[in-house]
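Read the structure below first, then the notes.
Letters A, B, ... are given to chains in the order of the sequence lines, protein chains preceding strands, and every chain is numbered from 1. Note that these values count all heavy atoms, side chains included, but never hydrogens, waters or copies made by symmetry.
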Amino acid sequence: MNYIEPKTHLADLFGQAVAQVAPGSAIAIELERPKQASHGDYACNAAMQLARALKKNPREVAAQIVAALPASQLVAKTEIAGPGFINVFIKPAAKQALVGHVLAAGADYGRSDLGHGRKVQIEFVSANPTGPLHVGHGRGAAFGASLANCLAFVGYNAYREYYVNDAGRQMDILALSTWLRYLELNGEIVAFPGNAYQGDYVKAMAQAVAELHGGRYKRAAAEVVANAPDAVSDPEGHLDALIANAKALLGPDYAYIHGYALEEQLGDGRNDLTEFGVVFDHWFSERTLHDAGLIDRAVTALQKNGHIYEQNGALWFRSTDFGDEKDRVVKRDNGIYTYFAADIAYHLNKFERGFEQVIDVWGADHHGYISRVKGALKAAGADPDRLTVTLVQFAVLWEGGQKKSMSTRSGQYVTLRELRTEVGNDACRFFYVLRKSDQHLDFDLDLAKSQSNDNPVYYIQYAHARISRVLEAWGGDMADLQDADPTQLSQPQELALLDCLAEFPEICASAAREFSPHLVAYYLKDLAADLHGLYAACQFLVADEALKLARLALIAATRQTLRSGLALLGVSAPDKM
RNA sequence: GCCCUCGUAGCUCAGUGGAUAGAGCAUCCCCCUCCUAAGGGGAGGGUCGCCCGUUCGAUUCGGGCCGAGGGCACCA
């Protein structure tokens with residue numbers, strides 16, 4: 001028997017029946033999977049939805065719908081139950097046929113064309129390249145990558161992008177920090193500002209520059225701090241003055257220091273993410289927006305539409321017209337565009353590049369920023385609904401029942417690389433997406449590291465490994481499993497596993513539609529549990545050849561589904577543990 | 001003050017406009033002569049924060065309240 005996807009098929013049947021019973025009604029056919037087995041495989045609530053309009057008792061409407069239901073080779077029986085549910089029982093053979101279907105589809109099982117190939121861009125991580133990625137970035141990376149995988153799996157043309165803030169003040173601060181450390185190495189001691197970058201990686205870069213170029217960038221300490229405001233009373237002014245002095249003293253060499261620090265940190269982040277299984281189609285440079293005049297153009301567009309005014313020497317965007325609580329500066333009185341202005345230009349550019357939908361994955365601390373950006377897009381004549389911002393809350397690490405506190409400022413934070421080294425990429429990827437993205441995540445290091453059944457990653461991977469070991473012990477030709485007779489499968493654990501396997505495509509669709517890769521993680525836990533249940537209840541390598549092949553085919557299909565699901569989350573599927 | 005998120009078992013959290021609300025951990029009991037026990041089976045444990053509304057039906061949607069966390073720069 002060829003496999004027919006029951007839900008789509010039933011929705012079609014019910015649609016025909018409802019059209020006959022209640023012509024012209026426009027209800028959506030809803031089919032749910034009842035929690036209780038006695039309620040069948042699918043339940044339809046159409047009768048209850050129609051009862052009022054038809055002025056009839058729902059059970060009576062249900063009877064009419066059932067009578068009008070076209071014949072189907074899938075349906076074993078229907079029952080009218082409770083307040084008016086129509087419960088549908090699927091023939092075992094129709095369920096069993098899934099095994100051959102999954103094996104034939106292979107890695108494509110679960111794939112769909114929900115997205116119709118529409119271009120969707122997911123921008124994520126986008127951390128300032130001013131230091132190592134930390135565990136907060138890790139969550140955004142894991143979430144964004146998994147989401148992009150899900151979207152691609154259900155038929156979207158997913159494009160992964162990292163926005164590189166290579167033009168702003170933060171990069172200048174990094175360049176300055178590196179240079180000051182370099183001067184230290186060359187005997188020119190300048191008091192290192194508390195609001196400069198403190199991390200050891202800055203010293204490492206200074207050391208490297210010193211080794212590569214000796215004293216070439218050495219300048220007198222007194223000149224570096226000349227005319228700078230006091231570091232205590234005006235720390236930011238102090239820093240800005242030092243940056244200005246650095247640019248003046250170094251001239252064209254400043255660009256070298258700046259570029260060196262940028263490339264170092266960007267390269268480090270790229271390596272880190274690649275090792276984490278997170279890759280991007282494009283690293284978009286903020287500087288190119290400036291260089292191509294796109295920011296001028298964006299601000300001019302706003303100006304033309306009458307949304308810009310000047311005050312105190314700065315240019316303001318009247319974002320209050322678009323629901324923001326106060327107006328925002330786009331160009332400061334010193335003539336420098338704000339980050340906000342660059343962001344407007346960047347998002348307009350995204351649309352111009354033809355992405356029908358744009359998803360931004362931001363840290364939750366940016367949430368106040370959403371209305372501003374959307375408002376600006378609207379003001380510039382773009383459709384803000386094409387932008388979806390998904391917020392990712394911070395992750396808090398726990399170890400030995402203690403919260404690990406972090407402070408970016410002092411350079412004392414746990415880096416993503418440290419976390420990956422400590423708990424492994426698989427556990428990292430999985431734990432990061434185990435919670436809904438917009439919720440605080442308690443990352444339990446002890447649990448992530450533990451090689452026990454408490455650890456859901458191992459629980460799932462173990463299910464996969466177990467199947468591999470059985471198939472290996474069998475030693476037969478996998479192609480033979482295609483032709484196994486699935487009607488041999490009748491044990492409750494076998495049927496439960498079949499039902500679970502059948503849900504995979506819908507889980508993938510929901511995960512993509514709701515931007516919720518955690519649904520895949522939970523599904524995999526369920527699937528693994530069903531596999532372990534079957535494993536404990538039934539022997540696979542039995543004497544009865546037909547039964548053996550059927551069971552092996554079932555677990556081979558399960559292995560494929562586990563693999564596909566783990567791949568969506570970027571977690572490996574080991575054959576041996 | 002304004003905005004966002006959350007409140008479900010002792011703990012950490014899923015879930016859903018539907019029928020008797022789930023998992024893991026923790027507690028207690030049981031299961032390897034057998035393809036990996038990194039596993040399985042069972043028991044106990046709940047006013048889905050409170051109130052009102054919408055609905056044939058609300059834990060789910062809307063409003064209010066209470067409680068928790070986070071965010072509100074001429075920073076990036």
Checklist entry - In whole angstroms, how far is the C1' atom of A76(B) from the CD atom of Gln265(A)? => result 16 Å
Checklist entry - For U33(B), what is the paired nucleotide under Watson-Crick or G-U wobble rules, both distances under 3.5 Å? => result none
Checklist entry - Does the aromatic ring of Phe85(A) sit over the six-membered base ring of A19(B), closer than 5.5 Å centre to centre and tilted less than 30°? => result yes
Checklist entry - With distance as the sole criterion, do the side chain of His532(A) and the base of A37(B) form a donor-acceptor contact below 3.5 Å? => result no
Checklist entry - Less than 3.5 Å between a donor and an acceptor, one on the side chain of His367(A) and one on the base of C3(B), is that the case here? => result yes
Checklist entry - Under the 6.0 Å and 45° cation-pi test, does Lys378(A) pair with Phe322(A)? => result no
Checklist entry - Taking only side-chain nitrogens and oxygens of Gln439(A), does any of them come within less than 4.0 Å of OP1 or OP2 of A14(B)? => result yes
Item to check | Glu32(A) CD to A21(B) P, straight-line distance once rounded to whole Å | outcome: 14 Å
Checklist entry - Any chance the rings of Phe504(A) and Tyr523(A) have centres within less than 6.0 Å? => result yes
Next on the checklist: Counting only side-chain heavy atoms from C-beta out, which of A19(B), C4(B), A14(B) sits nearest to Pro34(A)?
Outcome noted: A19(B)
Next on the checklist: Under 4.0 Å between a side-chain nitrogen and a carboxylate oxygen: does that hold for Lys7(A) and Glu32(A)?
Outcome noted: no
So which protein nitrogen or oxygen atoms get under 3.5 Å of nucleotides 56-59 of chain B's nitrogens or oxygens?
from: C56(B); atom 1: OP1; to: Arg52(A); atom 2: NE; distance (Å): 2.5
from: C56(B); atom 1: OP1; to: Arg52(A); atom 2: NH1; distance (Å): 3.0
from: C56(B); atom 1: OP1; to: Arg52(A); atom 2: NH2; distance (Å): 2.5
from: C56(B); atom 1: OP2; to: Arg52(A); atom 2: NH2; distance (Å): 2.9

Next on the checklist: Quick check on A73(B): is either OP1 or OP2 less than 4.0 Å from any side-chain nitrogen or oxygen of Lys326(A)?
Outcome noted: no
Item to check | Within residues 539-554 of chain A: residues closer than 4.0 Å to RNA chain B (heavy atoms) | outcome: Gln539(A), Phe540(A), Leu541(A)
